[in-house]
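Structure, as structure tokens:
Residue numbers start from 1 in every chain, and the chains themselves are labelled A, B, ... in the order their sequence lines are given, proteins ahead of strands. Here the structure is a predicted model, which is why all the values come from computation and not from measurement.
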Number of protein chains: 2
Amino acid sequence: MSFSPLISELIAAFRCLPGVGPKSAQRMALHLLERDRHGALQLSYSLQQAANQVGNCQQCRTLCETTLCPICSSSRRQRETICVVETPADVLAIEQAGGFSGLYFVLMGHLSPLEGIGPEQLGLDQLIQRVKQDQVEELILATNPTVEGETTAHYIADQLQGLPVSISRIAHGIPLGGELEYVDGGTLAHALAGRKPWLVND
Amino acid sequence: MSFSPLISELIAAFRCLPGVGPKSAQRMALHLLERDRHGALQLSYSLQQAANQVGNCQQCRTLCETTLCPICSSSRRQRETICVVETPADVLAIEQAGGFSGLYFVLMGHLSPLEGIGPEQLGLDQLIQRVKQDQVEELILATNPTVEGETTAHYIADQLQGLPVSISRIAHGIPLGGELEYVDGGTLAHALAGRKPWLVND
Ligand SMILES: [Zn+2]
Ligand SMILES: [Zn+2]
């Protein structure tokens, strides 16, 4: 004997959220039904709107519901510097740290042959084309300091060899194996300011 | 600079969930948008269905979308024993522990004058009427062993004095100050089996 069908389905549906197990899912469903129906309907509406309307910025690939994201369409950003990150959360982390006024390119992942994620899935053709066309002077590789992030950074640097753009890697200071979006603003700002030129292996 | 409006609204909407702070809300929103749109739409639909259709069982007050809940409408339950609990999660915990085949009465809370929750909000008139009409032989008070739960149990026991029903309190074994729904099945089954007659204070 368990909950009624609609409640059981709601508990099951909550399991799509990261880090939510059976007990948490049950607690969420009962909390909303017992105490916050308005919140439940608001969340339902927001999920539907976002899932149906949010796409990717045509220029930087970050998540947004307009053709260009707020950053790409801002007239106050310096267009000659592009910071390459893995996820939209990384963009937010760098914005909140402050100190960067260029544009972004969001890979929406990292190279992962096992998961079928290659250069095409990360939009690298688009990035290279943008570097060529938009007279980009500097490309900052701010992928995560993990094995996959480093591999992705190396791959991008290799692809850009010979082009008149200086390539830099976000400075150390971020703990190795860590994830960019969980680093505090001060460390992140410092790491950006202390970025080093990319050295081509010989 | 932050996320686009629809994403910001979705992150804000996730804050209605218990235990979900700004970072978790952001992680949930981005996870669904980056990797699980189908899950997002399914959750949206389930939330809407449940928030609009789930009411309370006419007999035991637990959450369900039908007039009578599955337990109240089952022909296999013994109708002469009623177990009084605070929440629908407590019903599930006792059902999963096994060993109880009577019916329930779900208070949907506990007495709390500061929050404006009195006997009326807990449906106590309905409970007393049911005890009288349905020839209930035993009422097991299984409110939480917290100050509020004990107070509520005492209040109910007082109201039923003089009626031909034996009143028992769920046995100790549940840690004091603990919450019923988080106790393991074995402890809970043991506590139910070892219930003691309610002793009237003199
Ligand atoms: Zn953009
Ligand atoms: Zn019922």
Side-chain angles (χ1 to χ4, degrees), chain A residues 1-7 9-20 23-24 26-34 36-54 57 62-66 69-71 74 87-89 91-92 95-96 108-109 181-182, chain B residues 1-7 9-20 23-24 26-34 36-54 57 62-66 69-71 74 87-89 91-92 95-96 108-109 181-182:
Chain A
M1 197 66 71
S2 71
F3 293 114
S4 68
L6 287 184
I7 301 177
E9 283 159 26
L10 180 56
I11 293 170
F14 270 120
R15 299 292 302 279
C16 72
L17 298 176
V20 173
K23 266 287 175 190
S24 299
Q26 179 186 309
R27 201 154 52 95
M28 289 171 171
L30 293 177
H31 172 85
L32 293 182
L33 292 174
E34 289 170 22
D36 193 4
R37 302 267 170 141
H38 176 77
L41 289 172
Q42 180 60 55
L43 179 56
S44 168
Y45 180 77
S46 283
L47 280 165
Q48 193 197 23
Q49 293 285 302
N52 285 328
Q53 292 181 38
V54 170
C57 173
T62 200
L63 293 168
C64 69
E65 62 268 23
T66 43
C69 73
I71 294 177
S74 166
T87 68
V91 172
L92 184 75
E95 289 296 299
Q96 287 179 337
M108 298 300 288
E181 71 168 296
Y182 297 110
Chain B
M1 197 65 72
S2 70
F3 293 114
S4 68
L6 288 183
I7 301 176
E9 283 159 26
L10 180 56
I11 293 170
F14 270 120
R15 299 292 302 279
C16 72
L17 298 176
V20 173
K23 266 285 176 191
S24 299
Q26 179 186 310
R27 201 153 53 95
M28 289 171 171
L30 294 177
H31 171 86
L32 293 182
L33 292 174
E34 288 170 23
D36 194 5
R37 302 269 172 142
H38 176 77
L41 289 171
Q42 180 60 55
L43 178 56
S44 168
Y45 180 77
S46 283
L47 279 165
Q48 193 198 23
Q49 292 285 301
N52 285 328
Q53 292 181 39
V54 170
C57 173
T62 199
L63 293 169
C64 70
E65 62 269 21
T66 43
C69 73
I71 294 177
S74 165
T87 68
V91 173
L92 184 75
E95 289 297 297
Q96 286 179 338
M108 299 299 290
E181 71 168 295
Y182 297 110

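With a threshold of 4.5 angstrom between heavy atoms, B:Q48 approaches chain A through its backbone and through its side chain. Heavy atoms of A:L32 lying under 4.5 Å from chain B belong exclusively to its side chain. Residue contact with chain A, scored on non-hydrogen atoms closer than 4.5 Å, is absent for B:V91. Interface remark: B:C64 contributes backbone and side-chain atoms alike to the contact with chain A (heavy atom separation under 4.5 Å). Proximity to chain B involves both the backbone and the side chain of A:M28, based on heavy atoms less than 4.5 angstrom apart.
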Run the side chain to side chain contact (heavy atoms under 4.5 Å, CB included) check on A:N52 and B:L41 step by step: do they pass?
CA-CA 8 Å; A:N52 285 328; B:L41 289 171; 3.9 Å; yes
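Rounded to the nearest 0.5 Å, atoms OH (B:Y45) and CG (A:L47) are 15.0 Å apart. With rounding to the nearest 0.5 Å, the separation of CG in B:L92 from CG in A:L30 is 8.5 Å.
Taking A:L33 as the reference, A:I7, A:L10, A:R37, B:A50, B:V54, B:L63 meet the side chain to side chain contact (heavy atoms under 4.5 Å, CB included) condition, with sequence neighbours excluded. Judged as a side-chain hydrogen bond (donor to acceptor under 3.5 Å, both in side chains), and not counting sequence neighbours, B:E9 has no contacts.
The choice from B:A29, B:G39, B:S46 that makes the most heavy-atom pairs within less than 4.5 Å of chain A is B:S46. Considering only heavy-atom pairs separated by less than 4.5 Å from chain B, the leading option among A:C16, A:S44, A:A12 is A:S44. Ranked by heavy-atom pairs under 4.5 Å with chain B, the first of A:A13, A:G19, A:P18 is A:P18.
Residues B:E65 and A:L6 approach most closely at OE2-N, 2.9 Å, considering heavy atoms.
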